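Worksheet: one structure, shown below.
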Amino acid sequence: MLEELKQAVYEANMQLPKLDLVTFTWGNVSGIDRDEGLYVIKPSGIPYDKLKPSDMVVVNLKGEVVEGDYNPSSDTPTHTYLYNHFPKIGGIVHTHSPWAVSFAAAGLDIPAMNTTHADTFYNDIPAADALTKEEIEEDYEGNTGKTIVKTFNERGLDYEATPGTLVSQHGPFTWGETPAQAVYNAKVLEVVAEEDFHTMQLTMADRRLPQYLLDKHYYRKHGTDAYYGQDNAKSKDHAQHI
């Protein structure tokens, strides 16, 4: 069942240690087949060097296991909630990458301070509220998904334009059109968190990008007039950055 998606999710998961985004088993990737209403996720607690594509677990949008020999990731309820409430995403990543966790532990957004950020994330990467004692005891992982969605709704953020968040006192979640794209976004989030940390050590000045520069970098990669890369003929007529 969903063998191609299992392979894609497996390969995306294997990128996490290669990109220094996980320590031990502290992370997971999932990917969804919207037509089938099913998604595939890494099994819980299995070391990356022991994983095989066939180990991936198939789950429905109620969070129920449909196929698999292992228990799915303990973060499965979070993935389920996000897939149900962010209908255009095709993959989700959760890690405990250290620079992102530093901002999450401080309860701070990752501010848009440089063009590296603006190429992928249109807004500050928000730090969603930490869960209360009652929320943790009631449904820790499910309520983690709820605090993410609540934050995007309350702030009026577009989850496609800003494909990631922090959960305060916890860590980062990213998403994308595919599992591979979600991993890419997870690495970008970690890089800009490190860059911002160093910037904030170097100066107390407000170093947020001006809106016009943020717009330039975001929209040259995204939207109808995008010209970055090889998919758009306009790219041949413009000097590229990065």
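A quick note: this is a predicted structure, and the numbers were derived from the prediction, not measured.
- Under the 4.5 Å side-chain contact rule for hydrophobic residues, Val167 and Val188 do not share a cluster.
- You'll find the side chain of Thr95 stays beyond 4.5 Å of the side chain of Trp26, heavy atoms only.
- Results of the side-chain contact (heavy atoms from CB on, under 4.5 Å) test with Thr174 over Val93, Thr162, Thr120 single out Val93 as the only residue that passes.
- Side chain of Asn28 to backbone of Ser73: no donor-acceptor contact under 3.5 angstrom is found.
- Hydrophobic clustering (side-chain heavy atoms under 4.5 Å, transitive across Ile, Leu, Val, Met, Phe, Trp, Tyr) keeps Tyr184 apart from Leu16.
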Take Ile89 and Tyr83 through the side-chain contact (heavy atoms from CB on, under 4.5 Å) test and state the conclusion after the steps.
CA-CA 7 Å; Ile89 64 177; Tyr83 282 128; 3.9 Å; yes
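- With a 4.5 Å cut-off on side-chain heavy atoms, Tyr39 and Thr80 count as touching.
- Looking at heavy atoms from C-beta onward, Asn114 lies in side-chain contact with Val192 at the 4.5 angstrom threshold.
- Taken together through direct or relayed side-chain contacts under 4.5 Å among Ile, Leu, Val, Met, Phe, Trp and Tyr, Ile110 and Phe173 form parts of separate hydrophobic clusters.
- Going from atom CD of Glu137 over to atom CG of Asn143 covers 11.5 Å, rounded to the nearest 0.5 Å.
- Proximity of Phe103 to Pro111: side-chain heavy atoms (C-beta onward) are separated by under 4.5 Å at one or more points.
- With hydrogens and angles disregarded, a donor-acceptor distance shorter than 3.5 Å links the side chain of Asp33 to the backbone of Asp35.
- Thr178 places a side-chain N or O within donor-acceptor distance of the main-chain N or O of Gln181, the cut-off being under 3.5 Å.
- A salt bridge links Asp109 to Arg155: at least one charged side-chain nitrogen sits closer than 4.0 Å to a carboxylate oxygen.
- Contact check for Glu190 versus Pro98: side-chain heavy atoms found under the 4.5 Å cut-off.
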Could you walk me through whether Lys42 and Leu51 pass the side-chain contact (heavy atoms from CB on, under 4.5 Å) test, one step at a time?
CA-CA 9 Å; Lys42 176 185 176 289; Leu51 281 177; 3.9 Å; yes
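- With rounding to the nearest 0.5 Å, the separation of CZ in Arg220 from CG in Asp225 is 14.0 Å.
- Note that OG1 of Thr78 is 8.5 Å distant from CD1 of Ile41, once rounded to the nearest 0.5 Å.
- Residue Ser30 holds its OG atom at 4.5 Å from CD1 of Ile92, rounded to the nearest 0.5 Å.
- Lys6 has no carboxylate O lying under 4.0 Å from a charged side-chain N of Asp55, or vice versa, which leaves the two without a salt bridge.
- In this structure, Ile148 and Leu82 have side chains that are in contact, with non-hydrogen atoms separated by less than 4.5 Å.
- Few gaps surround CD on Glu67; more than 12 heavy atoms of other groups in view lie less than 6.0 Å from it.
- With ring centers used as reference points, His94 lies 6.0 Å or more from His79.
- The shortest heavy-atom contact between Gly31 and Pro179 is CA-CG, 3.6 Å.
- Note: Phe152 and Trp175 meet the aromatic proximity criterion, with ring centroids under 6.0 Å apart.
- Applying side-chain contact (heavy atoms from CB on, under 4.5 Å) to Leu166 and the options Leu108, Val101, Leu189 leaves one that passes, Leu189.
- No donor-acceptor distance shorter than 3.5 angstrom exists from the side chain of Glu154 to the backbone of Thr151, with no hydrogens or angles considered.
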Chi angles and distances behind the side-chain contact (heavy atoms from CB on, under 4.5 Å) call for Ile32, Leu61
CA-CA 10 Å; Ile32 190 168; Leu61 288 173; 3.8 Å; yes
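- By the neighbour-count criterion of 12 heavy atoms within 6.0 Å, atom CD of Glu3 is densely surrounded, having more than that number from other residues, nucleotides or ligands.
- A distance of 9.0 Å separates NZ of Lys52 from CD1 of Ile46, quoted to the nearest 0.5 Å.
- Heavy atoms only, all atoms of each residue included: Thr132 and Glu135 are closest at N-OE1, 2.9 Å.
- Looking only at distances, a side-chain donor or acceptor of Ser168 sits under 3.5 Å from a matching main-chain atom of Ala128.
- Grouping the Ile, Leu, Val, Met, Phe, Trp and Tyr side chains by contacts below 4.5 angstrom, directly or via other members, places Leu214 apart from Tyr228.
- Cluster annotation: Val149 is not connected to Tyr122 through the hydrophobic network of ILVMFWY side chains, with a link wherever side-chain heavy atoms come within less than 4.5 Å.
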Check against side-chain hydrogen bond (donor to acceptor under 3.5 Å, both in side chains), Glu11 and Gln15
CA-CA 7 Å; Glu11 291 176 2; Gln15 285 298 306; over 6 Å; no
Given Lys187 and Val183, is the side-chain contact (heavy atoms from CB on, under 4.5 Å) satisfied, shown in steps?
CA-CA 6 Å; Lys187 183 62 177 182; Val183 172; 5.8 Å; no
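- Side-chain contact between Tyr81 and Lys146 is present, with heavy atoms from C-beta onward closer than 4.5 Å.
- Within the 4.5 Å cutoff, side-chain heavy atoms of Val22 are placed close to those of Tyr48.
- Rounding to the nearest 0.5 Å gives a distance of 11.5 Å between CG of Asp139 and CD1 of Ile136.
- For Phe121 and Tyr218, the gap between ring centers reaches or exceeds 6.0 Å.
- Between His222 and Asp119, the closest heavy-atom pair is NE2-O, 2.9 Å.
- Using cut-offs of 30° and 60° on the angle between ring planes, the pair His96 and His170 is tilted.
- When all heavy atoms of Ala12 and Ala180 are compared, the pair lying nearest together is CB-N, 4.3 Å.
- Atom CG of Asp158 sits in a crowded spot, with more than 12 heavy atoms from other residues, nucleotides or ligands closer than 6.0 Å.
- Across all non-hydrogen atoms, the minimal contact from Gly176 to Ala182 is N-CB, 3.8 Å.
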